[in-house]
Amino acid sequence: MADSDRSVSEPALARNPVSLAGTWVTTLAVFAFVTYLALEGFGLLASPYSGLFGFLIVPAVFAVGLLLIPLGIWIESRRRKRGKPAWHWPAIDLNNARTRGIIAAVVGLTLVNVVIVAVASVGAVEYSESNSFCGQLCHVPMQPEFTAHQFSAHAKIKCVNCHVAPGASGALTAKMNGTRQLYRLVTGTYARPIPSPRDRIPVPAATCQQCHSAMPPERVTERAFVEHKNDEKNTELKTTMSVYLGRIHWHARPDVVVEYIASDNANEVIPYVKVTEKGKTTTEYLSADAKTKPAGLVRRMDCLDCHNRPAHLLTDTPEGAVDRALVRGEVSADLPFVRRDMVAALSGDYPDEGAALQAISDRLNKALGAGSQGVAQAVQVTQRLYSSNIFPKMKITWGTYKNQLLHPDQSGCFRCHDDEHKAVGDAEKVVRQDCEMCHLEQEVKP
């Protein structure tokens, strides 16, 4: 037979199992993408990882299907050049009972496998979004964050809601970070303590501002700050302040842009500040140590510059931890010197958690007198305060992670509001450290 007659009689090169599989994969990917768009349009996909499926996995499968089509044609062409006959579909005789049984078994098992894989995939996604996955799978490195999260105001918020930005790019970034973190976990090369992930947290517009908004200028609230003396009666000192919440959140107003350059990774030392109001008035400030604008990344100030530990807050000092326990009534203030002794027990240097808990028990039982229910409660609370704030394996102790929201124990507002940041070209204009900018009055009552 002539080559021309053979080319007419033989099926097309694209008729081969590889190209046909590519056609099916491509078609299914198109249907999957259309289905994803429909579900997303109706708001039925709340998972932050849904974009990873719709905009990355499905297009990748589509691309693989397209590549299979020419690959199959190339393979089939080589087969025919070697003199092999064209590929044909296998003949299936449905009149044969055995053939019908095999087909029914294959279809049935395929459906069962599809259901199993679907259920397992949903379960895997759900588990990967759970707090237990984020906090307990990597037990040692994530234990401090997981523990602090359980006692925070955000305890009911999933980790992924704040740590994974919306969309496919956010999900992909999170997975890439997770791969890197898994490698460091397996090899034991993770940092101790783990640095605050300021650069790896999505912008507040994609996370915080989904639930929160800046306060109006007239918003004022009363705040009471309670401390105790180390005397026999554990004397309470209450400081009551009226706080301008609206003024404090001036930095977050839409017509105000505050930018800065930090000279350290923790954003604690800020030599340069730039303020732009209403898109027109711009003022640059330099700290006393800075002669010119320093080199470095220019950041726009946002929620996380002050609320830097919103869901993983560890107490800065043992005094603060004990004072809060006394205010909440977890420990009786009638126990003589209980505040002093609890602070002393929490301030000790212990090699590990087990040794610390035993030493705290021995020290308090000896100092306060073992036997009473009040003392036993003080011991239990002190041990809990230690376990929820100190993590020897991660080299975390009091003040390791600084809370910049306030300014009694850390620099906080005073990183910029120190009367030392002076305007460029106008030394009389400074970033003021004026209590009345944020507080109406202050009253201290013993």
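Residues: numbered from 1 along the sequence shown.
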Given 3.5 Å as the limit, does a donor-acceptor pair link the side chain of [X] with the main chain of [Y], or not?
| X | Y | value |
| --- | --- | --- |
| Gln210 | Ala205 | yes |
| Ser19 | Ile69 | yes |
| Asn308 | Leu304 | no |
| Arg247 | Glu436 | yes |
| Ser332 | Asp334 | yes |
| Arg324 | Gly320 | yes |
| Ser77 | Trp74 | no |
| His312 | Tyr401 | no |
| Asp316 | Trp398 | no |
| Asn161 | Ile157 | no |

Does the side chain of [Y] come within less than 4.5 Å of [X]'s, by heavy atoms?
| X | Y | result |
| --- | --- | --- |
| Tyr190 | Leu185 | yes |
| Val275 | Tyr285 | yes |
| Lys229 | Asn234 | no |
| Cys134 | His163 | no |
| Tyr260 | Ile270 | yes |
| Lys291 | Leu286 | no |
| Glu145 | Arg309 | yes |
| Val375 | Leu364 | no |

* Asked: How about Thr276 and Thr282: does a side-chain donor come under 3.5 Å of a side-chain acceptor?
  -> yes
[X], [atom1] atom: more than 12 neighbouring heavy atoms under 6.0 Å:
| X | atom1 | answer |
| --- | --- | --- |
| Arg184 | CZ | no |
| Phe414 | CZ | yes |
| Asn265 | CG | no |
| Glu268 | CD | yes |
| Asp426 | CG | yes |
| Arg180 | CZ | yes |

* To do: Apply side-chain contact (heavy atoms from CB on, under 4.5 Å) to Val226 and Leu237, showing your working.
  => CA-CA 6 Å; Val226 181; Leu237 295 174; over 6 Å; no
* To do: Could you tell me which non-hydrogen atom of Arg300 sits nearest to which non-hydrogen atom of Asp305, and how far apart they are?
  => O-OD2, 3.8 Å
* Asp419 to Arg432 - nearest heavy-atom pair and separation -> OD1-CA, 3.3 Å
* Go through the steps for Asp323 and His228 under the test side chain to side chain donor-acceptor pair (under 3.5 Å), then give the verdict. => CA-CA 6 Å; Asp323 285 334; His228 297 81; 3.0 Å; yes
Return the [atom1] to [atom2] distance between [X] and [Y], rounded to the nearest 0.5 Å.
| X | Y | atom1 | atom2 | value |
| --- | --- | --- | --- | --- |
| Thr283 | Glu277 | OG1 | CD | 7.0 Å |
| Thr189 | Gln181 | OG1 | CD | 11.0 Å |
| Thr382 | Gln377 | OG1 | CD | 9.5 Å |
| Thr26 | Leu68 | OG1 | CG | 7.5 Å |
| His307 | Asp302 | NE2 | CG | 10.5 Å |

* To do: Dump the intermediate steps for side-chain contact (heavy atoms from CB on, under 4.5 Å) on Phe151 and Leu313, then the final yes or no.
  => CA-CA 9 Å; Phe151 294 98; Leu313 182 60; over 6 Å; no
* To do: Please report the C-alpha distance between Gln404 and Ser411 in whole Å, then the side-chain angles of each, then the deciding distance to 0.1 Å, and finally whether the side-chain contact (heavy atoms from CB on, under 4.5 Å) criterion is met.
  => CA-CA 7 Å; Gln404 302 294 3; Ser411 52; 3.4 Å; yes
* Mutual orientation of the aromatic rings belonging to His251 and His417 [parallel < 30°, tilted 30-60°, perpendicular > 60°] -> perpendicular
* To do: Apply the test side-chain contact (heavy atoms from CB on, under 4.5 Å) to residues Lys293 and Ile261: give CA-CA distance (whole Å), side-chain angles for both, the deciding distance (0.1 Å), then the verdict.
  => CA-CA 9 Å; Lys293 178 181 176 180; Ile261 296 176; 3.9 Å; yes
* Worked check of side chain to side chain donor-acceptor pair (under 3.5 Å) between Glu222 and Ser242 -> CA-CA 5 Å; Glu222 295 287 332; Ser242 295; 2.5 Å; yes
* Between Asp231 and Arg340, is there a side-chain N and carboxylate O pair less than 4.0 Å apart? -> no
* Pair Arg384 + Glu330, salt bridge at N-O below 4.0 Å -> yes
* Run the numbers on Glu353 and Ser387 for side chain to side chain donor-acceptor pair (under 3.5 Å), then give the verdict. => CA-CA 7 Å; Glu353 183 177 2; Ser387 297; 2.8 Å; yes
* Evaluation steps, side chain to side chain donor-acceptor pair (under 3.5 Å), between Thr173 and Asn177 -> CA-CA 6 Å; Thr173 300; Asn177 285 335; over 6 Å; no
